[in-house]
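Beneath this line is the structure, given in C-alpha cells, with notes to follow.
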Number of protein chains: 2
Amino acid sequence: MPKRVDHDERRTEIAEALLRVAGRRGLHAVGMRDVAAEAGVSLRLVQYYFETKEKLLLHGLRQLTERFGERVAAQVRAAGDHPGPRTVIEALLMASLPLDEESRVFHLVYTSYAVLSVTDRALAEQPFIRDPEAAEERLTALLGLAEEAGLTRPGVDARIEAVGLLALSAGLGTSILVGQRSARTAADVLDRHLDRIFRDRGGSSLAERIAQ
Amino acid sequence: MPKRVDHDERRTEIAEALLRVAGRRGLHAVGMRDVAAEAGVSLRLVQYYFETKEKLLLHGLRQLTERFGERVAAQVRAAGDHPGPRTVIEALLMASLPLDEESRVFHLVYTSYAVLSVTDRALAEQPFIRDPEAAEERLTALLGLAEEAGLTRPGVDARIEAVGLLALSAGLGTSILVGQRSARTAADVLDRHLDRIFRDRGGSSLAERIAQ
DNA sequence: ATTTTGATGATACAGCCGTACCAACTTCGT
DNA sequence: ACGAAGTTGGTACGGCTGTATCATCAAAAT
C-alpha cells in the first residue's frame, strides 16, 4: 500500500491550522483555502481528510475543547500536591480566563462556535455544549467537599455557587477578550467572590499571582 | 424636490429588518438581499440608504444598543416610584437577561458583534464597547448610594461589585441564550449574589417574580 | 411646462466560496 | 517488474456575495 501517513495525526495538524487562522482572523473568516495555506498543504488535501467544511469545523471544535481540557487539568495539577478546595477552584477558574495567547484563541473560537450554535441546529446538538455541564458537576462536588470540611461560610448552596462561579468567570473571560477589562481586575473580582464563599482566604490572592 | 420620504425613518426600518434577520438566522448569515427582502424593498434601496454593508451593520449595531437601552430604562421605571437601590439594581440586571424574544435577539446579535470586534478593527473602535462602561458607572454609583445608606454588608467595594455583577449577568445571559440554563436558575443565582451584597432581601425575590 | 433633483428599480460584474473532477505520483503486494 | 491502491496537486464549475451601472419615475422649483 501507499505512503504510511498517520491519518489522525494529519487531521490534527490541519485542524490545528484551522484554529490558528480562526484565532487570528475570526472563525467567520476562515475558508478552506486559508486552512490549507496555513497548514502548508494543498486545498485538495484538506478536502481529502475532511470531506466537507462542516466536518472540518466540527473536528476543530472537538479538538479545541479537548486541548483546553488538558490545559486546565495541567494547570490544576500544577497547583500543588494536596491543595485545598479553594486552591483547586481558583486554579480551575483562572485557567478558564483568557490570560495568554493560547487561552485567548480558545475563548474567541469557542465563543464563535457558541454564537453559531444558536442558529445552527447541527452545531447545537454537538456535545461541546455539554462540557460546561461537566465543569458544573465538578465545581459543585468541590464546593460540597469544602462545605463538609467546614471551609465555607454558612448558607452556601454548592450548586448555585457553582453555576454563579462559572457564569462569572465566563463573563469576565469575554470582557477580557474584548479588551474591556484587565486580567488584574478580573482576578480581583474573582478573589472577592471567593472570599464570600470561603471562610478563609486561601494562601496568596489571585491578583497577587498575576504579573500584569 | 422629490417625494418627501423621511430618510431617518427609512433607515430605521431597514436596520430593523437587518436585526430581525440577524436574530433569526444569525448575523453571519445576513446578506444585503436578505435585508431588502425582509424590509420589503429592493436591494438597490438598501444600497441607497446605506451605501455599503459595513455602514448598514454599524447602524444596526447602534440601533440595537439604543433600543435596548430604552427597554432597560422602561423596565427600571416600571420598578416603582421610589424604589430602593437593590430594587433598581435587580431591575437593571434582570432587564439584561434574555428572557423574552426581543431580548434574546439583542443578546445574540450583540454577542455576534462583540465576537467580530475582536478581529475587526473598525468594529472594535465602535462606541458599543463603551456602553458597558456607562452601565458600570451607573451600577457603581447605585452601590455607593446603598453603601452610604447602610444597606450593604461590610467590606463591599462598590466598583468591584459592579464589575462582578455585570460579568455575572452577562455570563448568565449567554448561558440562557445557548439553552444551557433556565431563566429560573439564572434568577436564583442573581438573587443569591445580591443577598451577599445587601443586608436585607429586597421585597420579593427575583425567582418568585418569574413565571417559568 | 419644463427642468432639476431625489427616489426607485432591474440588471450586470467581478470576486470569492465550497465542492467536484481528473491526472499524476508514491509505495506496497505479488 | 507490474499493477493496484492510497495519496497528492491543478484546475474548473456553479452559486452566492457586495457593489456598480444604467434607466426610469415622481415631485418640486422656475
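Every chain is numbered from 1 and lettered A, B, ... according to where its sequence line falls, protein lines coming before strand lines.
- Atom pair Lys53(A):NZ and dG18(C):P shows a separation of 4 Å (rounding to whole Å applied).
- Going from atom CG of Asp34(A) over to atom C1' of dG15(C) covers 14 Å, rounded to whole Å.
- Contact between the side-chain N/O atoms of Thr52(B) and the OP1/OP2 oxygens of dT19(D) is found at a separation under 4.0 Å.
- Contact annotation: Tyr49(A) does not reach the phosphate of dT7(D) (side-chain N/O to OP1 or OP2, under 4.0 Å).
- With Asp191(B) as reference, Arg86(B) is the one residue of Arg86(B), Arg196(B), Arg184(B) to meet the salt bridge (charged side-chain N to carboxylate O under 4.0 Å, His left out) rule.
- In this structure, Arg11(B) atom CZ and dG6(C) atom C1' are separated by 13 Å, rounded to whole Å.
- If you check dT19(C), dG9(C), dT19(D) against the side chain of Arg44(B), the one that comes closest is dG9(C).
- If you take CZ of Arg33(B) and C1' of dG15(D), they are 11 Å apart, rounded to a whole angstrom.
- When rounded to the nearest whole Å, the span between CZ of Phe50(B) and C1' of dT19(D) equals 16 Å.
- Across the protein-nucleic acid pair, Asp6(B) atom CG and dA7(C) atom P stand 10 Å apart, rounded to whole Å.
- Phosphate contact (OP1/OP2 of dT8(D), side-chain N/O of Arg10(A), threshold under 4.0 Å): present.
- In terms of modelled atom types and a separation under 3.5 Å, the side chain of Tyr113(A) and the main chain of Leu57(A) share a donor-acceptor contact.
- For the pair Tyr48(A) and dG9(D), the criterion of a side-chain N or O lying under 4.0 Å from OP1 or OP2 is not met.
- Each of His7(B) and Gln47(B) was matched to the nucleotide of DNA chain C holding its nearest heavy atom; the match closer to the 5' end belongs to His7(B).
- A straight line from CG of Leu27(A) to P of dC17(C) spans 14 Å, rounded to a whole angstrom.
- One can place CG of Leu45(A) at 14 Å from C1' of dG10(D), the figure rounded to the nearest angstrom.
- Looking at Ser182(B), its side chain does come within 3.5 Å of a backbone N or O of Thr185(B) through a donor-acceptor pair.
- Relative ring orientation between Phe106(A) and Phe68(A) is described as parallel, the plane-to-plane angle staying below 30° on a 0-90° scale split at 30° and 60°.
- A 6.0 Å sphere centred on CZ of Arg138(A) holds no more than 12 heavy atoms belonging to other residues, nucleotides or ligands.
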